[in-house]
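Notes for the one structure printed next.
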Amino acid sequence: MALYLRDDFAAAWAGADAFEKAGQLQGKVYRNVKARRTLQFIQNGNSYFVKIHEGIGWREIFKDLVQFRKPVLGAENEWLAIKRLQELDVDTMTAVAYGKRGSNPATQQSFIITEDLINTVSLEDYCAKWPTQPPTFAFKLNLISKLADVSRCLHAAGICHRDYYICHFLLQKNVDGDVDTTAEPKVFLIDLHRALMDRQLSTRWIIKDVAGLYFSALHIGLTRRDFLRFVKRYTNRPLRAALQDDKSFWQAVTTRAAKLDKKTNASRDANKAGSA
């Protein structure tokens, strides 16, 4: 068994079973599937998120293994990913409680509690208005540079997010609830429960990450030049050299992003037809 409780949670849950306390938390439910429940709750006037994982079962484990994917058994993966990102000085969530028990990977129970990143907005929501209300060039460039730097840092450290979309970046707002476009943007990377950490990270996982990010930014008013700015910053090399030497990589990124976009559009059209 593994257990960590920050002092305030240790005091609030003193003498109680931490797993039972976590399971009894009540609040706004954001996700409730077979093996995982995510909700927002308030404790001592502060807002938190808890993810409660139940055993995923051998069927799901074997399914992932057959597809050459590392099974995500519970909260441990996110706990370790948060710690690793903090070591790399990548802004992310703050974990205040974590627990894991059970030696059987199919029935293992775990939970993780993180501070609510209040006064932030997802990049997906913030950038949705850009096609009609474009940002200043300086702010757009700073934001592209920030995401390129974070991406390079993660991949150089052997970390693949695996759900790497702009919706999983939260942009800090100021005390007035607005984004200060004159300052360097501060973004937090969230939803790390599927993160893959491997010193010998396969190129296919890096392509998946970068393509996901590119796909999620296809319709927010960015240009090809903006994409090339990302490439230059991400590779930290002259653009011509980056495109020539890594031609197959960037072709794979754009091809995968286009396929994701086509699949999303087809699914959206099917849903519209079904509701008509």
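FYI, the numbering just counts along the sequence from 1. Only a predicted model underlies this, so the values are computations on that prediction, with no experimental measurement involved.
Within the 4.5 Å cutoff, no side-chain heavy atoms of Val179 are placed close to those of Asn174. Counting heavy atoms from C-beta on, the side chains of Leu123 and Leu143 come closer than 4.5 Å. Residues Lys83 and Glu78 form no side-chain contact, since every pair of their non-hydrogen atoms from C-beta on lies 4.5 Å or further apart. Using a 4.5 Å heavy-atom threshold, the side chains of Val50 and Phe41 count as touching. In this structure, Phe188 and Val90 have side chains that are not in contact, with every pair of non-hydrogen atoms separated by 4.5 Å or more. Counting heavy atoms from C-beta on, the side chains of Ile159 and Leu85 come closer than 4.5 Å. By the 4.5 Å heavy-atom criterion applied to side chains, Leu201 and Leu196 are counted as neighbours. Contact check for Arg237 versus Lys232: no side-chain heavy atoms found under the 4.5 Å cut-off.
In this structure, CG in Asp209 is found 8.0 Å from CG in Leu213, a value given to the nearest 0.5 Å. Rounding to the nearest 0.5 Å gives a distance of 14.5 Å between OG1 of Thr254 and CZ of Phe215. The structure places CG of Leu243 at 8.5 Å from CH2 of Trp250, a figure rounded to the nearest 0.5 Å. Going from atom SG of Cys127 over to atom CD of Gln133 covers 12.5 Å, rounded to the nearest 0.5 Å. A distance of 9.5 Å separates CG of Leu141 from OG1 of Thr136, quoted to the nearest 0.5 Å. In this structure, CD1 on Ile206 lies 8.0 Å from SG on Cys160, to the nearest 0.5 angstrom.
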Quiz item: Taking it one step at a time, do Thr182 and Phe139 satisfy side-chain contact (heavy atoms from CB on, under 4.5 Å)?
Solution: CA-CA 7 Å; Thr182 64; Phe139 183 72; over 6 Å; no
Practice problem: Before giving the answer on side-chain contact (heavy atoms from CB on, under 4.5 Å), spell out for Glu124 and Tyr165 the whole-Å C-alpha distance, their side-chain angles and the decisive distance to 0.1 Å. | Solution: CA-CA 8 Å; Glu124 180 179 53; Tyr165 309 117; over 6 Å; no
Practice problem: Apply the test side-chain contact (heavy atoms from CB on, under 4.5 Å) to residues Thr120 and Lys173: give CA-CA distance (whole Å), side-chain angles for both, the deciding distance (0.1 Å), then the verdict. | Solution: CA-CA 5 Å; Thr120 59; Lys173 297 189 287 187; 5.8 Å; no
Self-check item: Pair Ser47-Gln40, side chain to side chain donor-acceptor pair (under 3.5 Å): steps then yes or no
Solution: CA-CA 7 Å; Ser47 180; Gln40 178 189 23; 3.0 Å; yes
Exercise. Test Lys186 against Asp91 for salt bridge (charged side-chain N to carboxylate O under 4.0 Å, His left out), laying out the working first.
Key: CA-CA 8 Å; Lys186 185 179 182 66; Asp91 290 316; 3.2 Å; yes
Exercise. Would you please test Asp261 and His219 for side chain to side chain donor-acceptor pair (under 3.5 Å) and show each step?
Key: CA-CA 10 Å; Asp261 192 45; His219 302 294; 2.8 Å; yes
Quiz item: Under the salt bridge (charged side-chain N to carboxylate O under 4.0 Å, His left out) criterion, do Arg229 and Asp226 qualify, and how do the steps go?
Solution: CA-CA 5 Å; Arg229 291 184 179 104; Asp226 292 325; 2.7 Å; yes
Practice problem: Evaluate the side chain to side chain donor-acceptor pair (under 3.5 Å) criterion for residues Asp191 and His168: first the C-alpha distance (whole Å), next the side-chain angles of each, then the deciding distance (0.1 Å), finally the verdict. | Solution: CA-CA 6 Å; Asp191 205 4; His168 291 145; 3.1 Å; yes
Self-check item: From CA spacing to verdict: side-chain contact (heavy atoms from CB on, under 4.5 Å), Glu54, Arg36
Solution: CA-CA 6 Å; Glu54 304 293 341; Arg36 177 162 53 94; over 6 Å; no
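In plain terms, the two heavy atoms of Thr114 and Ala95 that are nearest each other are CG2-CA, 4.0 Å. Minimum interatomic distance between Asn77 and Ala195 (heavy atoms only, all atoms of both residues): ND2-O, 2.6 Å. Counting all heavy atoms, side chain and backbone alike, Leu170 lies closest to Cys167 at CD2-O, 4.4 Å. The two residues Glu76 and Tyr98 make their nearest non-hydrogen contact at CB-OH, 3.2 Å. Across every non-hydrogen atom of Ala257 and Leu218, the tightest pair is O-CD1, 4.1 Å. What you find for Val29 and Leu39 is that their closest heavy atoms are CA-CB, 3.9 Å.
For Tyr214 and Phe227, the ring centers sit closer than 6.0 Å to each other.
Only one option out of Phe9, Phe111, Trp13, Trp79 pairs with Tyr4 in a ring-ring contact (aromatic ring centres under 6.0 Å, His included); it is Trp79.
One hydrophobic cluster, built from ILVMFWY side chains closer than 4.5 Å, cannot hold both Tyr30 and Phe169; they sit in different ones. Hydrophobic clustering places Leu117 together with Leu88 (ILVMFWY residues linked when any side-chain heavy atoms are closer than 4.5 Å, directly or through intermediates). Cluster membership for Met93 and Leu5, using ILVMFWY side-chain heavy atoms within less than 4.5 angstrom, is not shared. Under a hydrophobic-cluster definition in which Ile, Leu, Val, Met, Phe, Trp and Tyr are linked whenever side-chain heavy atoms come within less than 4.5 Å, directly or via other members, Leu192 and Ile190 are assigned to the same cluster. In the hydrophobic clustering of this structure, Tyr234 groups with Leu228; members are Ile, Leu, Val, Met, Phe, Trp, Tyr whose side-chain heavy atoms approach within less than 4.5 Å, directly or through other members.
Between His161 and Tyr164, the two ring planes are tilted [angle within 30° to 60°]. Using a 30° and 60° split on the angle between ring planes, His53 and His193 fall in the tilted class, from 30° to 60°.
Put simply, the side chain of Ser110 never gets that close to the backbone of Lys100: no donor and acceptor are under 3.5 Å apart. A donor-acceptor pair is defined here as one N or O able to donate and one able to accept, closer than 3.5 Å; no such pair exists between the side chain of Arg256 and the backbone of Ile207. With hydrogens and angles ignored, the 3.5 Å screen pairs a side-chain donor or acceptor of Arg194 with a backbone N or O of Arg162.
Residues that satisfy the side chain to side chain contact (heavy atoms under 4.5 Å, CB included) test with Asp17, not counting sequence neighbours, are Phe19, Glu20, Arg101.
Using a 4.0 Å cut-off between charged nitrogen and carboxylate oxygen, Lys146 and Asp149 do not count as a salt-bridge pair.
Heavy atoms from other residues, nucleotides or ligands lying under 6.0 Å from CG of Asn32 number more than 12. Within a 6.0 Å sphere centred on CD of Gln24, other residues, nucleotides and ligands contribute more than 12 heavy atoms.
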